[in-house]
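Below is one structure, written out as structure tokens, with a few remarks after it.
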2 protein chains.
Amino acid sequence: MTKVTAELVRAFTGVGYLAGLPPAERAGLAARSAVRTAARGQTIYAEGEPAAGLFVVLDGRVKLVRRSAQGREQVLHAEGSGATLAEVPVFDGGGYVASAVALEDTRLLFVPREALLDLCRRRPDVALGVIATLAGRVRRFAALIEDLSLRDLTARLAVFLLTEIPPGRDGGGLRMTGDEIAARLGTVREPVSRALSRLRRLGLVERARGLIVVRDRRGLSAIARH
Amino acid sequence: MTKVTAELVRAFTGVGYLAGLPPAERAGLAARSAVRTAARGQTIYAEGEPAAGLFVVLDGRVKLVRRSAQGREQVLHAEGSGATLAEVPVFDGGGYVASAVALEDTRLLFVPREALLDLCRRRPDVALGVIATLAGRVRRFAALIEDLSLRDLTARLAVFLLTEIPPGRDGGGLRMTGDEIAARLGTVREPVSRALSRLRRLGLVERARGLIVVRDRRGLSAIARH
DNA sequence: GCTCCGCTGTGACTTTGGTCATGGTGCCGG
DNA sequence: CCGGCACCATGACCAAAGTCACAGCGGAGC
């Protein structure tokens, strides 16, 4: 247990609003927390379920999705290590806002609701950190709403590629299947494939063995603006 | 000035996370705040501008919108008296997330950024209140994203009518123009008009001189489920 | 009363996106 | 080497939603 706890105490250093805690607080939090694993594809929690606490992604990746009755899926956001999930239900007492599904084998830390609430009451900077996290979520959701309602698919794809592929020159490009991209853009595989072909024909993007590479960032931005 | 301040002190009692403050705190906050008015249709602030503080709606109504390059408009949410606006930029230091436009003649209270930050650092319950407000925003945005991406127009309209018209039996119905509804649903007037006709033909809804009245709530829910 | 104006409803047409079906490619395991 | 599998591309078709155009209605103001 002490060994596990020691690892957990370290784990917090990578997490936004928990990173700045004094070691004693981190140890206290770690003592009240538990590690959980999820295999790729596994549902960590489902939309609407009551939430008992906060999840911290230790490693792996998680997508947060809503599903329609017809089985179509919209990804609200995807998070990697260091991210925290489910602060909304933790603080407002409602159910989970979306379902969390592991994109890869993932390890998570579960921090019980009360532990986090105590901490926020004791330390205003933690509460301010939670606020900053939620503010970021609101911003990204607003951008997604604008995309869905005001941009056509090609523009949406351009925005997606620009934000998803780091502007670092050349860079690696993006390794995602058509279905995955479609779920992010709120559509299905085929239209995405067509939109990608369009961008490819315009010379803005290239496809090299399952990897999407951006060729012309400015060109993509132009398309994104409409 | 003392008279104005006295009114402001009272004004805070209707505002979520400022209502619980002791009178001394409210007076201090009021002293640092200013009243501002906006005529119907006037823009209170525009998306992207740097934000100097929080707005509290004293009376009137405000819509928060994003606009496309082609002039189409998507309403993210609309708020009436007692609501607070712009906590996102206040706490993360970025620009406004959306433009705020008065739907009626409106009076607002402007609370400078620093005043609110001080308060949160001094009083954890205020910070928790801000968190609750943002959590609500995240929830409603998630619902909007699901609507836009997973529901067709008729279903979206059904959801909108159900949430916008209080379930109180009979009730008043809704007084909004087709354009206004369209902006809330992320589309334009004509499809809304057609969707309304469809609901009318199904006997779920009725139109009486500019007023939309719900006839069959269960029927609407069925359509909303799509 | 009449006219102007803002709003509504609807038809005809176009565009976009979703569905279905088919064939191709690259990779893994037998 | 071959078969299966996952993924991709594309054509044909269909449905939903956006655009354009027009007519009708009701209230405000002269």
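Naming: A, B, ... by sequence-line order, numbering from 1 per chain. These numbers were taken from a predicted model, which means no experiment stands behind them.
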Using a strict threshold of under 4.0 Å (side-chain N to carboxylate O), is an ion pair present between B/D147 and B/R156? no

To the nearest angstrom, how far is B/D147 atom CG from D/dA16 atom C1'? 17 Å

For A/Q74 and C/dG18, give me the distance from atom CD to atom P, rounded to whole Å. 11 Å

Listing time: all N or O pairs from protein to nucleotides 19-22 of chain D that are below 3.5 Å?
| unit_1 | atom_1 | unit_2 | atom_2 | d |
| --- | --- | --- | --- | --- |
| D/dT19 | O4 | B/R194 | NH2 | 2.7 |
| D/dC20 | N4 | B/E190 | OE2 | 3.3 |

For salt bridge (charged side-chain N to carboxylate O under 4.0 Å, His left out), just list the numbers for B/E47 and B/R67, CA-CA rounded to whole Å, side-chain angles, deciding distance to a tenth of an Å, and then say yes or no. CA-CA 9 Å; B/E47 179 194 340; B/R67 267 186 275 265; over 6 Å; no

Heavy-atom side-chain proximity of A/L199 to A/L220 below 4.5 angstrom: yes

Evaluate salt bridge (charged side-chain N to carboxylate O under 4.0 Å, His left out) for A/E79 paired with A/R140, printing each intermediate quantity in order. CA-CA 13 Å; A/E79 304 288 348; A/R140 276 181 297 158; 3.6 Å; yes

Salt bridge (charged side-chain N to carboxylate O under 4.0 Å, His left out), that's the test. Do A/E73 and A/K63 meet it? Break it down for me. CA-CA 11 Å; A/E73 194 173 87; A/K63 67 177 170 182; 2.9 Å; yes

Would you name the heavy atoms of A/P89 and A/A51 that are closest together and state the gap between them? CB-CB, 3.5 Å

Taken in chain and number order and not counting sequence neighbours, the residues that satisfy side-chain contact (heavy atoms from CB on, under 4.5 Å) with A/E49 are A/Y45, A/A46, A/Y96

Are any side-chain N or O atoms of A/D105 and backbone N or O atoms of A/R40, one a donor and one an acceptor, separated by less than 3.5 Å? yes

Kindly determine whether B/V62 and B/V101 satisfy side-chain contact (heavy atoms from CB on, under 4.5 Å), including the steps that lead there. CA-CA 6 Å; B/V62 175; B/V101 179; 6.0 Å; no

Taking side-chain hydrogen bond (donor to acceptor under 3.5 Å, both in side chains) as the cut-off, I'd like each qualifying pair that reaches into residues 186-200 of chain A, sequence neighbours left out, listed once. A/T154-A/R198, A/S197-A/R200

Heavy-atom check, side chain of B/I212 versus side chain of B/M176, under 4.5 Å: no

Could you check which residues of residues 195-206 of chain B get a heavy atom under 4.0 Å from DNA chain C? Sort them by number, please. B/S197, B/R200

Euclidean distance, atom CG of residue A/L211 to atom P of D/dC8 [Å, nearest integer]: 12 Å

When rounded to whole Å, the CD1 to C1' distance for the pair B/I181 and D/dA17 reads 17 Å

Any donor-acceptor pair under 3.5 Å from B/R36 side chain to B/L109 backbone: no

Residues of residues 148-163 of chain A with a heavy atom under 4.0 Å from any atom of DNA chain C, listed by number, are A/D152, A/L153

Take atom NE2 of A/H226 and atom P of D/dG18, then tell me their distance rounded to the nearest Å. 13 Å

How large an angle, rounded to 10°, do the end axes of the helix from C/dG1-D/dC30 to C/dG30-D/dC1 enclose when each is built from five base pairs? 30°

Pick base, sugar-phosphate or nothing for A/S193, based on heavy-atom distances below 4.0 Å to the nucleic acid. base

Side-chain donor/acceptor of B/R113 to backbone N/O of B/V90, under 3.5 Å: yes

